[in-house]
Amino acid sequence: MAAIEKRSRGDWQQLDKAHHLHPFTDHKSLHKKRSRIITRAEGVYIFDADGNKILDGMSGLWCVNAGYGRQELIDAATEQMKELPYYNNFFQCAHPPSIELAAMLQGISPPQFNRVFFAGSGSESNDTIVRMVRTYWDLMGQPERHTIISRHNAYHGSTVAAASLGGMKPMHRQSGLPIPGIVHVDQPYWFGSDQRLSPHEFGLQAARAIEDKIKDVGPEKVAAFIGEPIQGAGGVIIPPDSYWPEVQRICDEYGILLISDEVITGFGRLGEWFGADHFATRPDFMTFAKGVTSGYLPLGGVFVSDRVADVLIDKAGEFFHGYTYSGHPVACAVAIANIKLIQSESLVSRIKDDIGPYLQEKWRALAEHPLVGDTRMVGLMGAFELVKSKDPLERFHESQGAGVVFRDTLMGEGVCMRAVGNTIICAPPFVLTLAEADELIEKTWVALDQSHQALSP
Ligand code: PXG
């Protein structure tokens with residue numbers, strides 16, 4: 001018997017309104033329009049309860065990298081459910097899926113990583129990192145080194161520690177965050193600056209804000225710096241080329257740990273396995289989630305470098321931390337199948353050499369539209385900025401809702417992207433074909449023209 005009842009769209013909307021609290025949602029405004037009910041998906045397309053076919057330009061929520069309906073992943077889950085649906089990795093136990101996945105992750109990660117710790121999500125993984133970072137410095141005999149530097153507008157998750165690491169002011173306001181010992185510096189968002197510096201100089205300046213903060217806090221108190229290689233939820237902020245080398249220099253000079261939050265950039269999105277490979281950083285931790293299973297099941301975790309893992313193993317005794325679902329066998333089995341699929345279909349090099357450059361070129365050309373002030377894309381992770389005027393540069397006021405106007409218009413054309421203020425962001429599945437890329441771009445042009453009319457005075 002099917003687990004899920006078949007109902008009409010209206011019935012589902014009614015039940016949803018009555019019983020379901022959604023993540024990151026203004027429920028009053030949702031209840032005025034009702035939810036869009038997504039019922040199924042195939043390849044790069046999702047289908048709603050009205051039968052609309054929508055090209056998913058966001059890979060779900062930056063995660064369905066292998067595309068929908070992949071039989072390999074379905075089979076891996078089914079077989080593992082039959083064999084061992086659950087067991088834990090506590091109390092000196094382990095099971096083949098968590099062991100095999102840990103070894104497999106070692107094989108695709110940069111050389112300083114030989115060990116992983118599993119969690120259920122990106123947020124949990126970043127909480128784990130806060131615990132590990134502070135424990136590491138305690139064990140190193142420097143217990144005053146507890147401050148972690150992050151960036152305004154960063155997104156590192158929604159639990160208390162992860163939201164504190166994040167730099168989203170509205171999140172902080174709602175719950176008395178950040179927790180003590182987490183401080184923030186500006187993000188490397190050149191387009192959002194006054195643009196008086198060249199991108200190169202601006203990147204150096206943004207990195208040196210970290211150094212200034214280290215001096216402010218006191219170098220002996222700073223434990224780590226955390227950053228997404230490219231900020232995702234904050235609007236796909238691609239830093240100038242000068243930024244990450246300078247951040248690495250600063251971390252090295254002050255001996256502080258570098259945390260690369262790879263929840264979005266991990267597993268190929270930028271045309272390399274990890275953002276750290278793309279930007280040539282040498283992080284001490286990498287956070288992962290989302291793309292590790294292509295979103296088919298929840299799984300997250302932390303790559304822990306030898307520098308930290310050796311100390312934890314040698315000196316910590318028991319590390320009092322872990323989750324019921326750390327290394328869940330079914331999620332790990334799906335992750336293994338997913339990574340095998342990425343390898344066998346050469347999806348990472350496809351992004352670097354084929355679909356990536358193809359989409360990037362068409363994406364850049366969107367800058368010719370009068371409404372588009374800046375376009376940027378690395379691998380399959382991109383954004384453009386909606387502007388009121390290009391010369392002189394004038395941005396829309398947030399209250400004009402230009403981003404939402406464009407997003408909704410594009411959805412009407414059958415393509416899903418996200419609006420972050422007036423920045424439109426896009427991260428399609430890795431299996432996007434050239435023809436599907438054409439469709440995505442053509443519909444974007446149509447939606448830009450329509451939005452231009454709607455937004456003209
Ligand atoms: N780090 C990064 C870089 C993320 O993008 C998390 C951590 C947290 O992962 P979990 O699995 O706990 O959600 C994320 C999640 C958006 C959006 O609006 C982005 C995320 C989650 C929800 C919404 O772009 N990223």
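Ligands are counted one by one from 1 in listed order, and the atoms in each one are counted from 1 as well. Model, not experiment: these values are computed from the prediction.
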Exercise for review: Go through ligand 1 atom by atom and flag the ones less than 4.0 Å from a non-hydrogen atom of Asp261.
Suggested key: 1 (N), 2 (C), 3 (C), 7 (C)
Check your understanding: Between Glu413 and Thr444, does a side-chain contact (heavy atoms from CB on, under 4.5 Å) hold up when you go through it step by step?
Key -> CA-CA 8 Å; Glu413 292 300 309; Thr444 301; over 6 Å; no
Review point. Using the ring of each side chain (for Trp, its six-membered ring), is Phe267 parallel, tilted or perpendicular to Phe274, with breaks at 30° and 60°?
Key: perpendicular
Point to revise | Top protein contact for atom 2 (C) of ligand 1, by heavy-atom distance | key: Tyr155 O, 3.3 Å
Exercise for review: Report, in ascending order of atom number, the atoms of ligand 1 lying under 4.0 Å from any heavy atom of Ser121.
Suggested key: 11 (O), 12 (O)
Review point. Looking at Ser123, which atoms of ligand 1 are within less than 4.0 Å of one of its heavy atoms?
Key: 8 (C), 9 (O), 10 (P), 12 (O)
Point to revise | Numbered atoms of ligand 1 (with element) below 4.0 Å of His156, judged on heavy atoms | key: 1 (N), 6 (C), 7 (C)
Exercise for review: Measure the distances from the heavy atoms of Gln231 to every atom of ligand 1 and state whether one is below 4.0 angstrom.
Suggested key: no
Exercise for review: Ignoring hydrogens, just give me the one of Glu228, Met168, Lys290 whose non-hydrogen atom is nearest atom 21 (C) of ligand 1.
Suggested key: Lys290
Review point. Aromatic rings Phe191 and Tyr189: how do their planes relate, parallel, tilted or perpendicular, breaks at 30° and 60°?
Key: tilted
Exercise for review: Answer yes or no for Phe24: is there a heavy-atom contact with ligand 1 below 4.0 Å?
Suggested key: no
Practice item. Classify the angle between the aromatic ring planes of Trp445 and His369 as parallel (below 30°), tilted (30 to 60°) or perpendicular (above 60°). Key: tilted
Practice item. Taking only Lys NZ, Arg NE, NH1 and NH2, and the carboxylate oxygens of Asp or Glu, determine whether Arg36 and Asp50 approach each other closer than 4.0 Å. Key: no
Practice item. For atom NZ of Lys213, decide whether the heavy atoms of other residues, nucleotides or ligands shown that lie under 6.0 angstrom number more than 12. Key: yes
Practice item. Considering the heavy atoms of Gly122, write down every atom of ligand 1 situated less than 4.0 Å from one of them. Key: 8 (C), 9 (O), 10 (P), 11 (O), 12 (O)
Review point. What is the nearest protein non-hydrogen atom to atom 24 (O) of ligand 1, stated with its residue, atom name and distance?
Key: Arg418 NH1, 2.6 Å
Exercise for review: Check the surroundings of atom CD in Glu361: do more than 12 heavy atoms from other residues, nucleotides or ligands lie under 6.0 Å from it?
Suggested key: no
Check your understanding: Any idea how Phe384 and Phe406 line up, ring-wise: parallel (<30°), tilted (30 to 60°), or perpendicular (>60°)?
Key -> perpendicular
Check your understanding: For ligand 1, is Ile264 a contact, meaning one of its heavy atoms is under 4.0 Å away?
Key -> yes
Point to revise | Under 4.0 Å to a heavy atom of Trp62 - the qualifying atoms of ligand 1, by number | key: 16 (C), 17 (C), 19 (C), 24 (O)
**Study point:** Under 4.0 Å to a heavy atom of Leu61 - the qualifying atoms of ligand 1, by number
**Key:** 22 (C), 23 (C)
Revision key, fill the gap. Under 4.0 Å from one or more heavy atoms of Ala233, ligand 1 contributes atoms 16 (C), 19 (C), 24 (O)
Check your understanding: Is it true that Glu385 and Arg376 have a side-chain N and a carboxylate O under 4.0 angstrom from each other?
Key -> yes
